Amino acid sequence: MTEFTDAELAFLRHVRFGELPARVLPEDRVELEETDPKRGWPDLGPSEDQQVLHQAGS
């Protein structure tokens with residue numbers, strides 16, 4: 001198996017992925033807060049079975 005030097009690996013990464021964007025500095029980072037429902041999850045209401053069990057416990 002061929003072993004590449006660090007410089008060769010860096011060149012191959014550059015050829016494959018191109019120029020990487022500039023690094024984001026810690027002071028430029030912001031914390032995100034999820035406010036919308038999760039994407040990809042249906043917004044399901046309680047099923048009839050769950051309603052019957054809930055009412056039975058009351």
Side-chain angles (χ1 to χ4, degrees):
M1 185 167 149
T2 305
E3 300 240 355
F4 293 103
T5 65
D6 288 342
E8 291 170 327
L9 289 172
F11 172 75
L12 292 173
R13 275 193 302 274
H14 179 74
V15 168
R16 182 171 182 188
F17 299 109
E19 183 101 14
L20 294 176
R23 182 173 175 232
V24 177
L25 300 174
E27 59 267 15
D28 293 335
R29 297 179 186 170
V30 295
E31 187 173 340
L32 299 179
E33 193 171 310
E34 187 71 36
T35 57
D36 294 330
K38 291 183 180 179
R39 287 179 246 166
W41 290 84
D43 186 21
L44 300 175
S47 70
E48 289 181 17
D49 292 339
Q50 290 173 334
Q51 289 177 8
V52 169
L53 289 174
H54 180 71
Q55 291 170 356
S58 306

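It should be emphasised that the depicted structure is a prediction, and the values quoted were computed from it without experimental measurement.
Screening residues 5-21 for side-chain hydrogen bond (donor to acceptor under 3.5 Å, both in side chains) gives Thr5-Glu8 as the qualifying pairs, with residues at least two apart or on separate chains.
Through direct or indirect side-chain contacts shorter than 4.5 Å among Ile, Leu, Val, Met, Phe, Trp and Tyr, Leu25 is connected to no other residue. Its side chain within the 4.5 Å cluster rule, Leu9 clusters with Phe4, Phe11, Leu12, Val15 among the Ile, Leu, Val, Met, Phe, Trp and Tyr residues.
Annotation for Glu27: atom CD counts as buried by contact number, over 12 foreign heavy atoms lying within 6.0 Å.
By the side chain to side chain contact (heavy atoms under 4.5 Å, CB included) test, Val24 pairs with Asp28, Arg29, sequence neighbours left out.
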